[in-house]
Amino acid sequence: MRSFLYAIAVGLVGAALLHIVIILSLPSFTGRDAYTRVQAFGETNRFFPLAGEPGATLAPINDDPALKTAVCAFSLENGPIRLSAEGNVPFWSLAIYDSASNEVFSMNDRTSVSGALDTLVATPIQLIGIRKAVPPELEQSILVEMRGDEGYAVLRTFVPSQSRLEAAVGFLADASCEPFTADQ
Amino acid sequence: MFRTPLVIATALAVAFGLGILSSIYALRATVGFGAIALGPWTAFPAAQTVGADPYAKAHRARDGRLLLGGAEGLTFTAATDSENRTLMENCRYEIKGITPPARLWTLHAADRDGNPLEGARAGLPTGLNSWSALRSADSNFSIRIASSAMPGNWLAVPDGRAPFLLVMTLLDTPTAGSSGVIDLAMPGIARLGCADA
């Protein structure tokens, strides 16, 4: 009898350890975290508007009827990424996440320079080079220092009514997420 | 002679059984620590950050949602009414009051997994926002939630008996960074009645 009580006590300690191991290691092997789902679109450096209904792929869906969302998975290996968008929408917001889906940077239209989105995402080393001699086209841009090489950007815009849908869809369709190369 | 293997099997069964079940339970029960609870509404302002606790990180990795960044807004979710009864599709509810300071807000109903719900038919109002909601003279609003048409602001939910969630997103709000200095209040959710309950 005593040995069974002992076994249960050992089991409880083991359960506590296993619980901690599962919780801590889960983020690295769920296979359906936000970054993996964003990558399901297949192509990087391009904004993809989200569908309203879950499709056959893992791709994330638009989960608020009053917000339209587009996502762009990017890699900074071949240089910084410039995000830009412009349009007549009442509200837009941008969030940049690293590959572990941690927020790196977020902003909305009120915190932008002129109401339009113009942001450059770069690694700390690339940023040093850019800051040394800021190219004229980046003078108004917001420079964001990225953790790691890979991540994704989420661009949302507010659609208060059906009549604003066209402008919102156009805003997201025209949004660009492209590697930046300075004009010589 | 089978005593020793049996003891070891007990220890292993307890360890794996409880370890796995407690992890699943913890991830289902909550999004993590650091919630802001205002009446029935809860929000997790730090769930998307690098400083989120391990439970929040495990939960968001399993959930795979695109969370709102700090400057974008804050999502409040309610699973119960103000008297702590689960929100059911066959009941009618009224949300009354005012939101914390925010530039815009949106409201919609979702199933227990967080996917937005459709109305009983296409074209019904399944989402309301600060531009479309009608307000009284003191800028309070009253939103009725039911599967059949209601006067005033109406949010349609499907015709069924399933539990659902209400999701209110405040866009561009200082609420996320609030240290409790501002007195925040979310609108209350009152149950008006239930069909054949």
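By convention in this document, chain letters (A, B, ...) are assigned in the order of the sequence lines, proteins followed by strands, and residues within each chain are numbered from 1. These figures come from a predicted structure and were not determined experimentally.
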Enquirer: Nearest 0.5 Å please: distance from the OG atom of B:Ser23 over to the CG atom of A:Leu26.
Expert: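 Nearest 0.5 Å value for the OG-CG distance: 8.5 Å.
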Enquirer: Select one option (side chain, backbone, both, neither) describing which atoms of A:Val104 are under 4.5 Å from chain B's heavy atoms.
Expert: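 Neither part, no heavy atoms under 4.5 Å.
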Enquirer: Side chain, backbone, both or neither: which part of A:Leu17 has a heavy atom under 4.5 Å from chain B?
Expert: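 No part of it gets close to chain B.
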Enquirer: Measuring heavy-atom distances to chain B, does A:Tyr97 have an atom under 4.5 Å in its side chain, in its backbone, in both, or in neither?
Expert: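 Side chain of A:Tyr97 only, per the 4.5 Å heavy-atom cut-off to chain B.
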Enquirer: Taking every heavy-atom pair that is under 4.5 Å apart, which of A:Gln162, A:Arg156, A:Met107 has the most such pairs with chain B?
Expert: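 Top count of heavy-atom pairs under 4.5 Å with chain B: A:Arg156.
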Enquirer: Below 4.5 Å, heavy-atom pairs only: which of B:Leu21, B:Val167, B:Leu6 has the largest tally toward chain A?
Expert: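 With the most close heavy-atom pairs to chain A, the winner is B:Leu6.
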Enquirer: Can you tell which part of A:Ala100 gets under 4.5 Å to a heavy atom of chain B, answering side chain, backbone, both or neither?
Expert: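 When you check distances to chain B, only backbone atoms of A:Ala100 fall under 4.5 Å.
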Enquirer: With chain A, which of B:Gly51, B:Gly127, B:Gly69 has the greatest number of heavy-atom pairs at distances under 4.5 Å?
Expert: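 It is B:Gly69.
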Enquirer: Which region of B:Ile8, side chain (C-beta onward) or backbone (N, CA, C, O), has a non-hydrogen atom less than 4.5 Å from a non-hydrogen atom of chain A, or is it both or neither?
Expert: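 When you check distances to chain A, no heavy atom of B:Ile8 falls under 4.5 Å.
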Enquirer: Would you mind checking which part of A:Arg32 comes under 4.5 Å of any heavy atom in chain B, side chain (CB onward), backbone (N, CA, C, O), both or neither?
Expert: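 Both backbone and side chain of A:Arg32 come within 4.5 Å of chain B.
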Enquirer: First locate atom CZ of B:Arg65, then atom CG of A:Asp63, and finally report the distance between them rounded to the nearest 0.5 Å.
Expert: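 One gets 5.0 Å once the value is rounded to the nearest 0.5 Å.
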Enquirer: In terms of heavy-atom proximity below 4.5 Å to chain B, should A:Asp98 be classed as side chain, backbone, both, or neither?
Expert: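 Interface part for A:Asp98: neither.
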Enquirer: State, without any angle test, whether A:Ser101 and B:Arg60 hold a side-chain donor-acceptor pair at a distance under 3.5 Å.
Expert: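 Their side chains do not contain a donor-acceptor pair, so the 3.5 Å distance test is not met.
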Enquirer: Checking heavy atoms, do the side chain of A:Leu67, its backbone, both or neither come under 4.5 Å from chain B?
Expert: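 Side chain of A:Leu67 only, per the 4.5 Å heavy-atom cut-off to chain B.
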Enquirer: Nearest 0.5 Å please: distance from the OG atom of A:Ser93 over to the CG atom of B:Asp172.
Expert: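 Between atom OG of A:Ser93 and atom CG of B:Asp172 there are 8.5 Å.
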Enquirer: Is chain B contacted by the side chain of A:Ile20, its backbone, both, or neither, given a heavy-atom distance below 4.5 Å?
Expert: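 Contact with chain B: none, neither part.
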Enquirer: Which one of B:Thr49, B:Leu104, B:Leu27, B:Leu12 has the most heavy-atom pairs closer than 4.5 Å to chain A?
Expert: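 With the most close heavy-atom pairs to chain A, the winner is B:Leu104.
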Enquirer: To the nearest 0.5 Å, tell me how far A:Asn62 CG sits from B:Leu66 CG.
Expert: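 Rounded to the nearest 0.5 Å, the CG-CG separation comes to 9.5 Å.
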Enquirer: Out of B:Thr169, B:Leu67, B:Ile20, which one racks up the most heavy-atom pairs below 4.5 Å with chain A?
Expert: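 Most heavy-atom pairs under 4.5 Å with chain A: B:Leu67.
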Enquirer: Picking from B:Leu107, B:Thr126, B:Thr10, B:Thr75, which has the most non-hydrogen pairs under 4.5 angstrom with chain A?
Expert: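 Result: the option with the highest number of such pairs is B:Thr10.
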Enquirer: Pick one of side chain, backbone, both or neither for A:Arg110, based on which atoms fall under 4.5 Å of a heavy atom in chain B.
Expert: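 For A:Arg110, backbone and side chain are both near chain B.
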Enquirer: Quick check on B:Ala26 against chain A: is it the side chain, the backbone, both or neither that has a heavy atom closer than 4.5 Å?
Expert: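 Answer is side chain: those atoms of B:Ala26 sit under 4.5 Å from chain A.
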Enquirer: At a heavy-atom separation under 4.5 Å, does A:Leu24 approach chain B through its side chain, its backbone, both, or neither?
Expert: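 A:Leu24 touches chain B through side-chain heavy atoms alone.
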Enquirer: Of the listed residues (B:Leu18, B:Asn115, B:Leu128, B:Thr106), which shares the most heavy-atom pairs with chain A below a 4.5 Å separation?
Expert: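 Heavy-atom pairs under 4.5 Å are most numerous for B:Thr106.
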Enquirer: Which atoms of A:Val159 are under 4.5 Å from chain B, going by heavy atoms: the side chain, the backbone, both sets, or neither?
Expert: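 The backbone, not the side chain.
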Enquirer: Taking the six-membered ring for Trp and the full ring for Phe, Tyr or His, determine whether the centres of B:Phe16 and A:His19 are under 6.0 Å apart.
Expert: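 Between B:Phe16 and A:His19, the centre distance exceeds or equals 6.0 Å.
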Enquirer: Give the member of A:Val71, A:Ile8, A:Ile23, A:Thr111 that has the highest number of heavy-atom pairs under 4.5 Å with chain B.
Expert: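 Highest number of heavy-atom pairs under 4.5 Å: A:Ile23.
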Enquirer: With heavy-atom distances below 4.5 Å as the criterion, would you say the side chains of A:Leu94 and B:Glu72 are in contact?
Expert: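 A:Leu94 vs B:Glu72: side chains apart.
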Enquirer: Check this for me: does any side-chain nitrogen of one of B:Arg103 and A:Asp109 sit under 4.0 Å from a carboxylate oxygen of the other?
Expert: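 A salt bridge links B:Arg103 with A:Asp109.
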Enquirer: Measure distances from A:Phe158 to the heavy atoms of chain B and classify the residue's part below 4.5 Å as side chain, backbone, both or neither.
Expert: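 When you check distances to chain B, only side chain atoms of A:Phe158 fall under 4.5 Å.
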Enquirer: Side chain, backbone, both or neither: which part of A:Tyr152 has an atom under 4.5 Å from a heavy atom of chain B?
Expert: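 Contact with chain B involves the side chain of A:Tyr152 alone.
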